[in-house]
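Notes to accompany the following structure.
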Amino acid sequence: MSAEWNSALETPTCDSSTQRKLFIETVGCQMNVLDSEMVVASLRRQGYSLVDSAADADTILFNTCSVREHAEEKVYANLAKLKKMKLAHPEKIVGVMGCMAQKDQRIVFERAPYVDLVVGPGQLHRIPELLQRIAEGQGKQMAVSLGRRDGSQDEIRRSHESFDPLRDPTMRPTPFQAYLRIQIGCDKFCTYCIVPMTRGPEQGRPPSQILAEAHELARQGCKEITFLGQTVNSYRYREGQRETRLADLLEMVHEVDGIERLKFVTSYPKDMDRRLLETVRDLPKCSTYLHVPAQSGSDAVLKRMKRGYTVADYYEMMDRIRDIIPDAAVSSDFIVGFCGETERDFEQTVRLVERCRFKNSFIFKYSVRPGTKAAELYPDDVPDDVKARRNNELLAVQNAISQEDNLKFLGRRVEVLVEGPSKTSIRRGESGPLRQMMGRTMCDRIVVWDGNERQAGHTLPVLIHDASSHTLFGTVETVQITSAPETVQLNIL
Ligand code: 5AD
Ligand code: SF4
């Protein structure tokens, strides 16, 4: 934590002369969702209020992603849409934060000259100060971290700061679910991936900070915590002789009153060890959901990706998971059309999906990322139509498996943490308390039922009577919640 940030915590400023309206748009992974929550919390302390549209705001921030080119192009397209507004209202401040800001740096100003602020993910704590400078007329501001070869290990590490002291429940998708960062950065250097460059070296946060934050989240009414890290199960923190691993953190946070569920994403296959799996099995609050990307089912491709394991290693890990936690739900990521991927390589990926029976898979077409080893070493030689076909084929195989496995839930009763109205309910514009509700099981399966908005935040038993590949459909069983002075019967439909 920087000295500047400490002082901001001690002396929050709420000067009405600096009151501004903030709009923030977030794309990308859970890390970005969490970063946006932190930035909003810090700016609220400076007297900012949050608004729903760029038109109503005087400060507009884009939190960006660099994992695929498509995500970046969308941000540049959205920035271009702001040009007219900025010409009419030059006093509005436009900022770009996150991975694309770190990767493109000054290029952002060149491609979008009306941008005032560029801030990488390791420098987010500086946003209040940089906005202040812009408002004072000091011109465009940029704060980015050092590149992976631009200093000593220590200097590089220090230039990527974890930014986690402030939480803002109103910024979370639901107030009773929160992400908690336990690790920043990544040192795996998979050849296709830009993340080690944009988010810097892997660094575990001190366990005492993580525990304090878990207590703070519980105090705010949070029931479910999801630990975040690029390779979350590789987490280690050394203090003298003592080393803390993810299993230790789960044990520590398991003791926090009010917390009912613990999850962690994203796991790295090589570090899915017995002790961690046994901890997940033995701690009742631990979700039996594991996200462990395989990326490919071909040894040749995995080698070019520099993933650090073979298909046989991955199968061994799956056997270990099934052996220790038989009902675990495992999900995966895949990249199709990676450099040199043949039809046979792809078929091996299909075999892997069939054998592992993932709960679901996120499938991506390979996108060259300048600055990565793959961009330097291998031609992007799989045509886009072949990538698209493989993507569709793999998704169809996965969806059939998801549907088959979801059908096994018919007639079963599951415990669901209710998140809120379902997407369908929101799309239909349903209003009033009676609407289709959505929640998740302990193994992260999505469940919907005709319910009541008051159910949000409760854990309820739901009887499943239908299933699709993505969703279980059910009915809430009778349950009485006694929350003095009234008793709410939740199956009122
Ligand atoms: N192209 C396509 N997909 C990628 N991913 C990471 N880098 C790339 C890339 N260059 C995918 C991986 C990772 C997920 C978050 O994004 O599957 O697990
Ligand atoms: Fe990227 Fe590989 Fe690190 Fe995941 S483990 S963030 S894919 S480099």
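Order of appearance sets the numbers: ligands from 1, and atoms from 1 within every ligand.
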Audit row: I182, R205, side-chain contact (heavy atoms from CB on, under 4.5 Å) steps and yes/no:
CA-CA 5 Å; I182 67 165; R205 284 181 72 205; 5.5 Å; no
Carboxylate-amine/guanidinium proximity below 4.0 Å for D104 and R111
no
Give the atom numbers and elements of ligand 1 that come within less than 4.0 Å of a heavy atom of Q295.
12 (C), 13 (C), 17 (O), 18 (O)
Between the candidates C65, A375, S367, which shows the shortest non-hydrogen contact distance to atom 1 (N) of ligand 1?
S367
Is it the case that the side chains of D345 and T342 hold a donor-acceptor pair, with the cut-off being a distance below 3.5 Å and no angle test?
yes
Counting each atom of ligand 1 from 1 as listed, which ones have a heavy atom of D333 under 4.0 Å away?
13 (C), 14 (C), 15 (C), 17 (O), 18 (O)
Could you tell me how the ring of Y309 sits relative to the ring of Y314: parallel (under 30°), tilted (30 to 60°) or perpendicular (over 60°)?
tilted
P121 and T198 have their tightest heavy-atom pair at CG-O, 3.4 Å
With heavy-atom distances below 4.0 Å as the criterion, list the atoms of ligand 2 near C186.
3 (Fe), 5 (S), 6 (S), 8 (S)
Taking E341 first and then R390, would you say they form a salt bridge - that is, a charged N and a carboxylate O separated by under 4.0 Å?
yes
Under 4.0 Å to a heavy atom of V195 - the qualifying atoms of ligand 2, by number
6 (S)
R369 N/O to ligand 1 N/O under 3.5 Å:
no
Counting heavy atoms only, which part of P293 comes closer than 4.0 Å to ligand 2: side chain, backbone, both or neither?
neither
the protein heavy atom lying closest to atom 2 (C) of ligand 1 turns out to be K365 O, 3.3 Å
Between V67 and ligand 1, which residue portion shows a heavy-atom distance shorter than 4.0 Å: side chain, backbone, both, or neither?
both
Proximity to ligand 2 by part of C190, non-hydrogen separation under 4.0 Å
both
Please find out if atom 3 (Fe) of ligand 2 and some N, O or S atom of C193 are separated by less than 2.8 Å.
no
Measuring from atom 4 (Fe) of ligand 2, which candidate in R369, R307, Q295 has the nearest non-hydrogen atom?
R307
Show which atoms of ligand 2 fall inside a sub-4.0 Å distance from at least one heavy-atom site of T231.
5 (S)
Please examine the side chains of T266 and Q230, heavy atoms only from C-beta on, and report whether any two atoms are closer than 4.5 Å.
no
If you measure from each non-hydrogen atom of Y192 to ligand 1, which part falls under 4.0 Å: side chain, backbone, both or neither?
both
Within 4.0 Å of some non-hydrogen atom of K188, the atoms of ligand 2 are 5 (S)
Less than 3.5 Å between some nitrogen or oxygen of Y366 and one of ligand 1, yes or no?
no
